[in-house]
Every structure is written in C-alpha cells, then in structure tokens.
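Note sheet for the following structure.
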Protein chains: 2
Amino acid sequence: MARRSAEPVSRRERPAKTALTRAGIVAAAVEILQAEGLERVTMRRLAEKLDTGPASLYVYVRNTDELHAAILDELLGSVDLAPAAASGDAGWRERLLQVLTSYTGVLFAHPSLASAALVARPSGPHYLALVETVLELLREGGVPDAQAAWGLDALLQMATATAAEQGLRSVAADARDEEERLTAAIRNAPQNRYPRIVALGDDLLSGTGPDRLEWMLTAFINGILRTSR
Amino acid sequence: MARRSAEPVSRRERPAKTALTRAGIVAAAVEILQAEGLERVTMRRLAEKLDTGPASLYVYVRNTDELHAAILDELLGSVDLAPAAASGDAGWRERLLQVLTSYTGVLFAHPSLASAALVARPSGPHYLALVETVLELLREGGVPDAQAAWGLDALLQMATATAAEQGLRSVAADARDEEERLTAAIRNAPQNRYPRIVALGDDLLSGTGPDRLEWMLTAFINGILRTSR
DNA sequence: ACCTGAACACCGTTCAAGT
DNA sequence: ACCTGAACACCGTTCAAGT
C-alpha cells in the first residue's frame, strides 16, 4: 500500500499535536504514570507520547527529578483538605489524622512516586496548601510555632515513607523478596545474640498498614506537643 | 609497540583476578561507592572493576537493589553501638540518641545510600545488631513491647530520611535547585492564602542538621512512651 | 555450578543547527 | 525563543554457549 503523503495518516494515528506547554507536559506525564507507573515516566517515553524528541522537553523541564516533583504536586491536588475546616465535628487531632491519611492515600495509589517524594520534595501550590492546612491544625491544637515548624516536616516525612514502603511491598516483586529476607532474618535470629528481636518477633513487622501509620502519627503528635526546642 | 601475548601486560595492568565471591563483590562495590558515589555502583561498572562481564555478577546478586542493600549492611558495621552498653554514664534516652546519631552519621557520609535505604531496607547482621540495640534501650526505658516494636521502625525511618534529605542538599546540584525553589515558594507565599506559612517563615527550613534530628527523635521517643496501641 | 560474550531494550542529557 | 535530529555516554538483565 503506497501512500502519497504521510500527513493524513499521521493525523489519524495520533491526536492532533498541540503546542508544548509545561502544563501539557506534566499532564501527559501523569497519564503515563497512571497507566504504566513512574518507571516508565522517562524523558524519552514522554517525548514519544507528545510526538516530539526528548530534547524538546528540556525547554520546560530542567531534568527528570524536577519532572517527578511536578507530577507529585499535580497529584497532591486530590488530597482532601476539607476535614481541616470542619471544626466542631471532631477534635483537631482527629482532623489532622484525616488530612494526613488522605495524603498517604494519594501516595499509596502511586507507590513509586512516594519513593521519589522522599528524595525530591515538591514546592508547588498543592504542596503549599497541604503544608498550610497541617500548620493551621497544629496551631488550633495549641502547638507552639517553633515545634510546629519542625514537626510538620517530620509528619509529612513519616506519612511519605510509610506509603513508599507499603506501596512497594504490594507492587514490586523485588520488594517482596526483600521483605521475605527480612522476615526470615527476624524469625531465624539466634536468641542469645538478638534476645529483644526474638522477644518481639513478628510484632516488629505486624500491622504495616493504616493502623501502624495512625499510631505513629498519633505518637509523634503527642511528642510534638510535649517537646520544646 | 607490538606484544606477543596480552597476558603479562594484563597481569601488570590490573590486580590479580581473584575468584568471584559475594563478599568480594560487595567489597568492590563499597570501594566504588566511596570513590565515585552510589550512582556509579552499577552492575557494569562493578563488573569492569572485577575484570569480568556484568552477567557474571548475577550468580551472586539477584539484582541492583539487592546489591545496594548488601552495601548498606556492610557500612552499618561501622555504627557505634558501644554507648548502649555503657549504662550508668548516661540515661537511656541520651544513649539511644547517641546510637541513632552514629547511624545517621554513617548515612550522612553516603547520602545517596540513605535514599536507597528508604526504599530497600537491609536485613543483614549489622542491621539486626542495630535493631537489637535500639530495642534493648527502649526496654531499659520502660517502653512497652508493643510500642517499641512499632516505634523502632519509625525511629530508624526518621533518621534515614533526614540523612537522605540533608545529604542530598550538600551534594547534588539538582537538590540545591529544588531547595531554592522551595525556599522561594515559602518566602513568596501570599499572606492571605498561606497565613501560617508566612507566620512561621524561614523557621520551616531552619536547622536542618543534627539539632533538628535530635529534636525530632526526642519528640518521637516522648510520644512512644505515652501512646499505647 | 559457575562464568561469559553478545545481544536486547532501553536510559538522560547536550549541542549544533534550524525555524 | 522554541524546537529538533543526532549523537554521546551510558544503563539492567537475559540467554545460549562454554568450562
């Protein structure tokens, strides 16, 4: 089948090629993330989706890490900040936990992104809105400013790290391997050398889901309240 | 310059090629880490150093992540666990902080490894020894077993995440960029939308070093003590 | 069982040249 | 200013074939 010109075919084969914009690039990146995971959100794959060469993306995005941070901020738009405002319905602690749980949930849906978030913190508007909300709840709870400033970071860090760990566990086969190695190591630990590990046993690895995170966050909030700088 | 045979030259050019072992592979990997950073600890670079092809390594190491975990456990051998045993000299809290600070110090020296540790937890003997020590100190402090089991993980996580963040800041130019973006975002946050962020200002990013970590750990230890499961 | 060469299927980033 | 083709300098992992 000969064709006289490639144009009409290429018009049919792919969506109309729109001008590149940062927003469009990030949106395409999110689509790839949803469909194929963060490992596939590469400059080359993204360029292919946008029907251009990878070099073109560097006009809008400094490098791959910045791209990942932009994707994360985009997704943080779906964190539910509403509980924070609903005062009266529940205490500030409970509402703070709700917000942080919503944040974790978003990361849970994209485990690989949670890992990236540990390294590359975002700085976009959605991230700032989350920070503002958490700070406001801490203020409502009477946490002194200095303690809130340092506590905020740790709270988000804990939530992010938990999502990364838990998420990987359920997805990557390699992470499963690693977990099994750790479980085996703990089960087989000789009692004379590791008495406390043996004493606590499986509880060290128990409840790795939301229960554990909620306890961790609660414990840390209690600590923030009582620990001055 | 012609040579009749490559053998004598190759004997001079590189160290005598010893048989591959897992220990030898990990040792070579640590050398590359020290000299060139974790980014350069690739299967190919490692094979080159060991004078073989990358495929040969897969007999001893399942994949790159497992290699990274093995390197980390190796380095954890230099964590100073001695303070834990020196009871009487200082309270258990202080000694726990000393151990965790030593752990952070090791990771600080290899920031990229700290990031890897957040994703790929090790399960080797040195890691188990660290876990055992922390658990024993928590027991000494009267922390109930259930709380120690879940608290342990969070303590190590906080120390690891802090090292990863702080370490990257001092090394990677990209991370510097990111920090600057975040600093700028916080400084330029409009007061009407983000009043708490503006109120706390630079304190949100202050003291990102050992002081901050010590406060975080102390706060969390206080929380562990008071928060039952 | 261990080791290897060669291949497969990818990467990020830069740069000179075009529009 | 924006966009591109082409190149540079790499990756992890597998597999058939050797010892």
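The figures that follow rest on heavy atoms only: side chains count, while hydrogens, waters and symmetry mates do not. Quick note on labels: first sequence line is chain A, next is B, and so on, each numbered from 1.
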Examine D:dC11: is either OP1 or OP2 under 4.0 Å from a nitrogen or oxygen in the side chain of B:T42? Give yes or no.
yes

Given [options], which nucleotide is nearest the side-chain atoms of [X]?
X     : options               : answer
A:Y60 : D:dC3, D:dT14, D:dT4  : D:dC3
A:M43 : C:dT13, D:dC3, D:dG12 : C:dT13
B:N63 : D:dC3, C:dT13, D:dT13 : D:dT13
B:T64 : D:dT13, D:dT4, C:dC3  : D:dT13

Identify whether the distance between the nearest side-chain nitrogen and carboxylate oxygen of A:E132 and B:R193 falls below 4.0 Å.
no

Just how far, in rounded Å, is [atom2] of [N] from [atom1] of [X]?
X     : N      : atom1 : atom2 : result
B:Y58 : C:dG5  : OH    : P     : 16 Å
A:R62 : C:dT14 : CZ    : P     : 11 Å
B:I32 : D:dC11 : CD1   : C1'   : 14 Å
A:R44 : D:dC10 : CZ    : C1'   : 11 Å
A:H68 : C:dG12 : NE2   : C1'   : 11 Å
B:E39 : D:dA9  : CD    : C1'   : 16 Å
A:L67 : C:dT13 : CG    : C1'   : 14 Å
A:E48 : D:dG5  : CD    : C1'   : 16 Å

Rounded distance in Å between the [atom1] positions of [N] and [M]:
N      : M      : atom1 : result
D:dC11 : C:dC8  : C1'   : 12 Å
D:dC2  : C:dC15 : C1'   : 15 Å
C:dA9  : D:dC10 : C1'   : 14 Å

Under 4.0 Å, heavy atoms only, any strand: does A:S56 hit a base, just the sugar-phosphate, or nothing?
base

Please compare B:R45 and A:L20 by the position of their nearest nucleotide in DNA chain D and report the one closer to 5'.
A:L20

Kindly write out the residues that satisfy side-chain contact (heavy atoms from CB on, under 4.5 Å) with B:V106, not counting sequence neighbours, or none if the list is empty.
B:L75, B:S78, B:V79

Between OG on residue B:S112 and CD on residue B:E36, distance to nearest 0.5 Å
12.0 Å

Polar side-chain atom of [X] near backbone of [Y] as donor-acceptor pair, under 3.5 Å:
X      : Y      : result
B:D211 : B:G207 : no
B:Y60  : B:L20  : yes
B:D73  : B:P122 : no
A:S56  : A:T52  : no

Bracket string, DNA chain D, 5' to 3' - pairs by Watson-Crick or G-U geometry under 3.5 Å, | interstrand:
||.|||||...|||||.||

Distance-minimising heavy-atom pair for B:S206 and A:W150
OG-NE1, 3.2 Å

